[in-house]
Amino acid sequence: MTWPACLSERFISPSLRTAFGSLPRRADIDTVVVFLADQFVGDFDGMGAEFQRLATRSESEDPNESPVTPGDVDTPFRLRVLYLLYYANPSSEHIQTPEREDMTDADCSGSDSDIPPPPKAVKRQSLPLEFKKPRRKDGGMLLVNIDNSLLALLGRPLQPNLPRGKPRKEVATPKSKRVKMEEGSEQTRPFIVDTRGGIRSSTFAAVMRLVAGLEPARSPRPTVKLPAPARAPPVWAQSRQELCEALPYYRAFQSGMYMCKRVPFGYLLDGFPSPGGQAVRVTDATGKVSVSLAADHTRDDARIDTLVLAAQRQSPIILLAGEGYALLPWKLGCAYAVLGWYWVSCTWYEAEPCAHGVEPRDDRQWFRRLKVRFDWIDTQGTPWWLTKGEPWVAPDDVVVAIEDGRLPPTPVSQYKELGQPTQIAAIKVPVSQLVNPPTPPQDPPPRVARESSGDHMIGDTHDVWARPPASEISTSPFGDLYFSPLAKSRGGRLPGDHLLANYHDDPSPSSPWRVSAESCPTCSNDSPRLYVEGWTCLVPECTQFWMLMTAVGIVPIAPCMRLSYDESFLRVIPTPFDASSLPYSIVPPLPSSAPGVEVLEEAGSRSLWRGFVCICGRSNCRYRWECLSCRACGRQVAAQTDSDVVPAWRIKHGRADPLGEADEGSPDLPMSVSRMSGPSATVVAYELPQAGTLYHVMFDTTGRADAIWEAYQRAAIQTLSPLFQRRALKTKAVKGQLLSQQFAINSGASYKYIVETLSYPFSDSPDCVMEALDVIRECVASVLDEAVDFNEVLSVMYREGQKMSWHDDGEHGLGPVVAALSLGSPATMSFRPKLGYKAAPKSPSVLNLTLMHGDVVIMAGRAIQYRYDHRVIPEGLRVAATARVIRGASSQ
Ligand SMILES: O=C(O)CCC(=O)C(=O)O
Ligand SMILES: [Fe+2]
């Protein structure tokens, strides 16, 4: 019996949905059948007639005509009834987002076992087919506790090893039906369905498995994780930030995939779903949060398009895994590891039901989710986790004393006694060779004709780009479906075949994908058999998409039904020629020791605050100013030297505009300009309404500032005791540590800034800090006409691309005056009112100042910190020394 098209559409029309509301809350199967017959007269092949037949029989007054019994209605028919009811009345407990735990991108595999208890407010309604909570047995097998009464209701043969089941409660219904049980036992039991409460998806899935004779679902998660592999990963990290700062191919702080111009670089498998597509966070009754689709995955989304193109171009991509990735068979032993190079061998779509609270489309109640299969590129040899070696345990971080906020072992006073730091055996950082990524070309170059016998060595840096550009790849409606090894056997039927024009017949893929491909009776396209449970048409445009072909006919896949991949599909396939050349090593090169003269831009350059991958494999952020230092083995490289000090004469001095201005939409602040004597300077004062006055002091000459600037840099590169560091932010929002962007050191009283900054008493602070403080004190005394006894200085060093985002300085006990000396590159300092900015995060700045080398900014008025936030964006290498008064603390 074929499944009628009406159900393939997986859609309940609004009128049918309304009509369902007129059914009694609890109805027996006949009531439902009669009802459906009314609704569907003549509409459906097979099903309409069947409904009609049953309806006629049900209404027959002829006492000789036996009432409808489950045996009269074949099982798929019953399933359809359940199915219609299911889709007509999904209640919050029934549609839940399956967990994503699959190796492939956007998983749709559900969990039959993890059905949350229904929300308290919703009264649980169920079919008489009650399923107890599934038990998980060894091997991850899910067993559903089913009794024979259920089988009887479904018209299935009874099973001797199942309990008979409790007789169902009699329900007053005009036509109770007799169910014949095996061995002569009889029970009167109407086939009652709850027409409003819907049907639990897990029930639906279990019924489906039962009638179709499918194996119980097998969890893809390993039940017990094996110990960490014997060999250390070639590249590993303990935080996402370390990955992003050390690996040129994975700079994706926000999403799982790092890509550029539709070329994928790195893809992180972790405890979150695919990149791409709109997603919403859904919290279920147990508080478990999952991310569900809120729209179809389509190629309009650059990330989806990139993955589909990757399959068509057979581009290599580096996979990384996080310890949160449920499908890893072993413990990672660290937070993240690079797995290696993979190629995208196959992409397809699955249907994902709309999660509760997500607005469905007008025409259907599910979304398309792209799935991706990644295959190991075999020119890399055996994966590291399969090779033998000493058991590996990721070492704990080498705890440098300063990590805990304790003072460094070597007091700074010692450094001071030594005077100028001695030149250390230094390795220069050649900026160009640090961990810069292979820059993707502006536009992918035209495809290069290749010799089939040509070398395709690892390290051939250009092969990855020698793929057809997107424009050359067909945009056929089915172009997103891509099954490369299979395509050869399709006789040109499917789009994508043309891509195999230069597919080299490597050891011919013993791909069972070929043999298991079947042609869809509805759309005539071939789809391979991916799931143990049966074949499904994988063309999302087809009405038969995502329906399972089973022994009893085609059945819809219940939202919670977890399908298992067919073994034939899981078989390893050889890497095709096009994917076998690797563009670069997964281990980025170490900074080399070639000497080079630094210029201002390079000394502060972005590459210098990026991290590195140590030869021990650990990815590190650059957390110290003066060198790259490994947190795992303590190794230090690329120490900076005196020649890295940027002399003051290299600094940009030309001031474009001494006056600050407001963003568009903000009125200009009242301001006044005056001249200051002593060290002569121009002072512009801005009135921040109801908050205080902001003074921008611009000295006529910068002699003192020049000396302090160079002294700061020399203090920063000495290595006797570490000073300027990026320290951990006090945040729990991310896994692992998150370091601040700037390198900082605190002097004097302790300042409880959001970063755990290393703090020294004034007596142990470098001279440059005290000199900066002198400049600030004198300047403030002249401008405010009163001495302010600052007892704390925060010195911050910025490299290119680093900034200090919106914040205030208003910690408890902070005095009314805060003043800062700027050194080095120009910076823009902005102020914006706090009120309401949460509601409108992009509220305009009331003032943007350009701070030049030697300028001092004075914030006079405590309310400035309460009413305004400020931000500083430097143009390049820069130092700022900010002095404050912290009450209740001494400067020591
Ligand atoms: O970099 C600057 O000029 C100011 C830094 C700042 O706002 C701070 O340290 O609180
Ligand atoms: Fe600040």
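Both counts, for ligands and for their atoms, begin at 1 and track the order of listing.
- Residue R878 places a heavy atom under 4.0 Å from ligand 1.
- In this structure, R871 has no heavy atom closer than 4.0 Å to ligand 1.
- Shown in contact with A880 at under 4.0 Å from a heavy atom are these atoms of ligand 1, numbered in order with element: 1 (O), 2 (C), 3 (O).
- Checking S680 against D700 by side-chain atom types alone, a donor-acceptor pair falls below 3.5 Å.
- Counting heavy atoms from C-beta outward, D808 and Y868 have side chains that stay 4.5 Å or more apart.
- Close contacts of ligand 1 with D809, meaning ligand atoms under 4.0 Å from a residue heavy atom, involve 10 (O).
- For ligand 1 and Y798, the ligand atoms under 4.0 Å from any heavy atom of the residue are 1 (O), 2 (C), 5 (C).
- For the pair R631 and Y623, the minimum side-chain heavy-atom distance is below 4.5 Å.
- Counting the atoms of ligand 1 from 1 in the order shown, those under 4.0 Å from a heavy atom of L794 are 9 (O).
- In this structure, F831 and H870 have tilted ring planes: the angle between them lies in the 30° to 60° band.
- Using a 4.0 Å cutoff on heavy atoms, M829 does not count as a contact of ligand 1.
- Considering only heavy atoms from C-beta on, N848 comes within 4.5 Å of D663 through its side chain.
- Residues L247 and P588 meet the side-chain proximity criterion, which asks for heavy atoms closer than 4.5 Å.
- On a distance-only criterion, H807 and ligand 1 share at least one N/O pair closer than 3.5 Å.
- Close to ligand 1: R884, with a non-hydrogen atom less than 4.0 angstrom away.
- Only one option out of D869, L688, V846 pairs with P833 in a side-chain contact (heavy atoms from CB on, under 4.5 Å); it is V846.
- In D809, the N, O or S atom that comes nearest to the Fe ion (ligand 2) is OD1.
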